[in-house]
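All figures in this text were calculated on a predicted structure; none of them were measured in a lab.
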Amino acid sequence: MADALTIELPNIASAITLAGQGEDNLKILSKQTGAKLVLRGQELHISGTDKQVDLASRLVRSLEYLWSKGNIVSSADILTARQALDTHREDELQDLQKDVLAKTRRGEEVRAKTFRQKQYIQALHKNDMIFCTGPAGTGKTFLAVVVAVQALLANQYEKLILTRPAVEAGEKLGFLPGDLQQKVNPYLRPLYDAINEFIDPEKVPSLMERGVIEVAPLAYMRGRTLNNAFVIVDEAQNTTASQMKMVLTRLGFNSRMVVTGDITQIDLPLHQESGLTVAIKILRHVEGIAFCEFSQKDVVRHSLVQRIVNAYEQYEK
């Protein structure tokens, strides 16, 4: 039986936020519920079967905390809300939406967008060593940098160390101009970008000169003991087993280490096993180490990224 419902939104800002860019959110809501959603000014018109309209209405209402404040509503927010409705986790969803991890220099709120991201953030605050694997766009590195920068600014640690193996995805370091630091900088760009969201880019060079922030290739970690430091090992799928053992055993007193990587994007020679996969097998049951595994459902970039990741997963199966 056909049904229709109109939701009066409080203002134009909330209507624009709910609809999303190019009304993409309305398309996602329609795909998730089967209902037709049309926005006219501040009125959201929902039509379809009784069941479709009811589900769409509940889904829109479950996102009210975000759109009513004019906060950005992403595709990940919608999919998480749908998951919450299906699994009767509405209370958890409200906590997820209200729990702001940090604010960027532009005043944008950073928070977990999926339940797995929330578990990851909890692990980042609780454990001294955390492994996080998953596809591109799931926030593995970004969320680790957010927690690390907040801890650094709160003087919980003396330094923030970001490192990754300088393994090329089809290119050679030798072809790049400049000295070693200039050669590896392109590989470390995502880490710089995340830091710059929270610390004025003009201040970062000074912090690096003083050793408060260190961004370096993995080889620079050999022979060191990293005390009073928050350490992030990025792109860890491209470490060898010996490199991984080396960096894990650098952990010193009052330090925390986060190891992130995507085991579906290994750029090592085919005969060489990833140090990340080896470490996960060996350390899975070691007390004090947390393991977080993201899937394509946790992708919080452009919705197309999630579909790309899903397509590759299906192809590789």
Intermediate values then yes/no, side-chain hydrogen bond (donor to acceptor under 3.5 Å, both in side chains), Gln265 and Asp262: CA-CA 6 Å; Gln265 294 194 34; Asp262 178 0; 3.3 Å; yes
Stepwise side-chain hydrogen bond (donor to acceptor under 3.5 Å, both in side chains) check, Ser14 with Asn11: CA-CA 6 Å; Ser14 60; Asn11 49 56; 3.1 Å; yes
Test log, rule salt bridge (Lys or Arg N to Asp or Glu O under 4.0 Å), inputs Glu214 and Arg224: CA-CA 13 Å; Glu214 181 180 347; Arg224 299 173 60 183; 2.7 Å; yes
Worked verdict on Val299 versus Phe294 for side chain to side chain contact (heavy atoms under 4.5 Å, CB included): CA-CA 8 Å; Val299 173; Phe294 289 142; over 6 Å; no
Side chain to side chain contact (heavy atoms under 4.5 Å, CB included) assessment of Arg164 paired with Val233: CA-CA 5 Å; Arg164 60 178 288 186; Val233 183; over 6 Å; no
Working for side-chain hydrogen bond (donor to acceptor under 3.5 Å, both in side chains), residues Thr80 and Asp77: CA-CA 5 Å; Thr80 299; Asp77 290 319; 5.9 Å; no
Criterion salt bridge (Lys or Arg N to Asp or Glu O under 4.0 Å) on Glu92 and Lys98, from CA distance to verdict: CA-CA 10 Å; Glu92 283 184 66; Lys98 292 175 182 177; over 6 Å; no
Trace of the side chain to side chain contact (heavy atoms under 4.5 Å, CB included) decision for Leu101 with Leu143: CA-CA 9 Å; Leu101 177 61; Leu143 291 173; 4.1 Å; yes
Arg116/Ser295 under side-chain hydrogen bond (donor to acceptor under 3.5 Å, both in side chains): CA gap, chis, key distance, verdict: CA-CA 9 Å; Arg116 278 202 187 101; Ser295 72; 3.2 Å; yes
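Residue Asp86 places its CG atom among more than 12 non-hydrogen atoms of other residues, nucleotides or ligands, all under 6.0 Å distant. At most 12 heavy atoms of other shown residues, nucleotides or ligands fall within 6.0 angstrom of atom CD in Gln21.
Annotation: cation-pi pair Arg284/Phe291 present, NZ/CZ under 6.0 Å from the ring centroid and within 45° of its normal. Under the 6.0 Å distance and 45° angle rule, Arg89 counts as a cation-pi partner of Phe115.
Evaluated for a side-chain contact (heavy atoms from CB on, under 4.5 Å) with Leu44, the options Val38, Val60, Leu29 yield exactly one hit, Val60.
A salt bridge links Arg106 with Glu197: the distance from a Lys NZ or Arg NE/NH1/NH2 to an Asp or Glu carboxylate oxygen falls below 4.0 Å. A salt bridge is absent between Arg111 and Asp99; no separation between the charged side-chain nitrogens and carboxylate oxygens falls under 4.0 Å. Note on Lys281 versus Glu273: salt bridge recorded, some NZ/NE/NH1/NH2 to OD/OE distance being below 4.0 Å. For Lys27 and Asp24, the salt-bridge test passes: some basic side-chain N is under 4.0 Å from an acidic carboxylate O.
Distance check: Gln243 CD to Leu248 CG gives 11.5 Å after rounding to the nearest 0.5 Å.
You'll find the side chain of Thr264 stays beyond 4.5 Å of the side chain of Tyr312, heavy atoms only. Under the 4.5 Å side-chain criterion, counting only non-hydrogen atoms from C-beta, Thr133 is in contact with Ile280.
Arg82 and Thr33 share no side-chain donor-acceptor pair at under 3.5 Å.
Val204 and Leu153 fall within a single hydrophobic cluster, where Ile, Leu, Val, Met, Phe, Trp and Tyr side chains are chained together by heavy-atom contacts under 4.5 Å.
Annotation for Gln156 and Asn254: closest pair O-ND2, 3.5 Å, computed over non-hydrogen atoms.
Not a single donor-acceptor pair under 3.5 Å links the side chain of Thr138 to the backbone N or O of Gly134. Here the side chain of Asn25 pairs a donor or acceptor atom with the backbone of Leu18 at under 3.5 angstrom. In this structure a side-chain-to-backbone donor-acceptor pair under 3.5 Å is missing from Ser57 to Val53.
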